[in-house]
Amino acid sequence: MTIPSTLGEVLAQQGVSRRALLKYSAYVASILALPAGASRVIAENLAKARRQSVIWLSFQECTGCTESITRSYSPTIEDLIFNLISLDYHHTLMSVSGAAAEHAREAAMRENKGKYIVVVDGSVPVKDGGVYSTIAGQTNLAMLKATAKDALAIVSVGTCAAFGGIPQARPNPTGAVAVSEIITDKPIVNISGCPPIPEAMTGTLAYLLSFGKLPELDHLGRPKAFFGETIHDRCYRRPFYDKGLFAESFDDEGARKGWCLYKVGCKGPIAYNACATLKWNGGTSFPIQSGHGCLGCSEPKFWDQGGFYTPLAAQAGVSGELVGTAAVAGAAMGGAAAWIARRHQRSHLAEVEALDRSPPAKSKG
Amino acid sequence: MELLQFARGPALTVALAVFAFGALWRLLGVLLLERRGVYSAPRPGAPSIFASALAGIIGKMWPHATFLKQSLFPVLNGYLFHLGLAISVLLFAPHILFIKSISGLSWPALPSNLVYGIAVVTAVSLVAALVHRLTDPVLRLISRADDYVSWMLTFLPVVSGIAAVSHIGARYETLLAVHILTVCALLVWFPFGKLMHAFLFVVSRGETGIRFKHRGADI
């Protein structure tokens, strides 16, 4: 049996028809908001694509991102394609292999110099030389720099890798930073979320394989196709917001009727993600549909935004002490100004009265 | 998010502090002034001071019949944008949540779409007020920089609020930050410019009413 060299051959060998590949390509094109003609290009390029070498580094993370991508609803063709990339190193999945896993990573870097993709989940601790997280005796910082050196591109999966995430939350004891703060000379795609939507990850990889370039990104380096709109704008509860119908608590009539969760802390208006459209668990539901407000987990510093259950509009960091002091000072100034004006008025009146009392001057001549 | 955090944190705190300081300074500076002496007996049938003040405040809310025709547009337009501003500021759910977070006070909101529509009408009305000011020769002659600055700082929060709700021009959080910063500018300017009329019109009209009624003059 010959070893297939392209993705098309691998898929054919596994019984995946061209029709199924076309259907998947159309799906990827639609979720990436590409024109209809792009699906054909994706299908052709995916079929011709060689298995992409991928090195998956897991740093300060909870494995939720890996859970998300490996437990996406399956079996689907996107899972197959994901399985059929050459995942040469995955720290979490290969941890029991010990030194052999590290050798596999080094071999993949050597053999695919300049062509491999580095997927990172987890933030990178940099405080005290990065000693707070090590793999095989190597700090995450050193491993990232060494692995990224000859990479084609980097995909930061999850909010921790993309923006620092929960490890970076105050007081950030390990000095956690995002991948983009360390690697500045390579193309980086951020697929944020805690965890990210599986289709956002597979869709971005499919785009990379199909077009050999990064998809259009927003100012935070995220694919616009998945992070171009807010949860609020695409939320099925949006009409209730527009009508002014809000759940005031999680067990009131409004909550039971499925009204807008803005008042119980939903961060949908500032969260850019595709949860409201792609949803989770095979398009079954997403947090708001399950009755909980959006946490805004795809946004930088979402953990330090002032409370998950505090309404967005109520998160003003106003110092009442300063305003109160200013009010007291203003009242004192007003009182002092009035007092000075009163003194001026009285002295003026006294002068007028003194003039009235004084005898009139004798006219000359 | 950094700009938004700055806007609703330090910027809003400083703006509210300046507003509280300036508004109380000016208000108490006027209210604690010594009242002018009354050296004549009131005309027969002159109402009490309170009723006279009330007559001054309410009576001046509509122009005298003599001037009605020429002041109909500015008066009606003035009512339109004043009511529009009050509704947009006080009856929009996110605004109420914000006020509740800093004062503990809360009240029912109007539907967000309705407030949005009212805000658009308010913005148009404000533009009409500016056009009237610029095209009326007398009004233009007596207008000072204060008038234009006050107009601009009232207009900007309205349009930035509309833009934030409808996501026009930039991302929501950027527009929200800009909206809050324009409100901060308004708060800082408020006590020191003509916008202070929001508080002082009651005092000045009331005092005018008292003097007029004392002399038996019609309001």
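Naming: A, B, ... by sequence-line order, numbering from 1 per chain.
The greatest number of non-hydrogen atom pairs below 4.5 Å with chain A, out of B:Val14, B:Leu110, B:Leu97, B:Leu176, is found for B:Leu97. Ranking A:Ala337, A:Ala327, A:Ala332, A:Gly306 against chain B, the residue ahead of the rest is A:Ala327, based on heavy-atom pairs under 4.5 Å. Ranked by heavy-atom pairs shorter than 4.5 Å toward chain B, the options A:Ala338, A:Ala331, A:Ala341, A:Gly330 are led by A:Gly330. In terms of heavy-atom pairs under 4.5 angstrom with chain B, the leader among A:Thr310, A:Ile340, A:Asp233, A:Thr325 is A:Asp233.
Contacts between residues 155-168 of chain A and chain B, counted as heavy-atom pairs separated by less than 4.5 Å, involve no residue at all. Taking 4.5 Å as the heavy-atom cut-off, the residues of residues 77-94 of chain B that approach chain A are B:Phe92, B:Ala93, B:Pro94, ordered by number. Close approach to chain B, defined as a heavy atom under 4.5 Å from one of its heavy atoms, is seen in A:Tyr241, A:Asp242, A:Lys243, A:Gly244, A:Phe246 of residues 241-253 of chain A, taken by number. Residues of residues 155-168 of chain B that come closer than 4.5 Å to chain A, counting heavy atoms only, are B:Val165, B:His167, ordered by residue number.
A pairwise comparison of heavy atoms in B:Thr13 and A:Ser319 identifies OG1-N, 3.1 Å as the closest pair.
For the side chain to side chain contact (heavy atoms under 4.5 Å, CB included) criterion with A:Val323, the lone passing option out of B:Val18, B:Ile102, B:Leu16 is B:Leu16. Of the residues A:Thr230, A:Ile270, A:Asp218, the one that meets the side chain to side chain contact (heavy atoms under 4.5 Å, CB included) test with B:Arg171 is A:Asp218.
Expressed to the nearest 0.5 Å, how far CG of A:Leu312 lies from CD of B:Glu173 amounts to 10.0 Å. How far CE of A:Met333 is from CG of B:Leu28: 12.0 Å, rounded to the nearest 0.5 Å. Atom-to-atom distance recorded for B:Glu34:CD and A:Gln345:CD is 5.5 Å, nearest 0.5 angstrom.
Counting only distance, with no hydrogens or angles, the side chain of A:Arg342 and the backbone of B:Leu32 share a donor-acceptor pair below 3.5 Å.
For B:Phe50, the CZ atom sits in a loose shell: 12 or fewer heavy atoms of surrounding residues, nucleotides or ligands are nearer than 6.0 Å.
With a 4.5 angstrom heavy-atom cutoff, A:His219 touches chain B only via side-chain atoms. Of the atoms belonging to A:Pro269, heavy atoms from both backbone and side chain fall under 4.5 Å from chain B.
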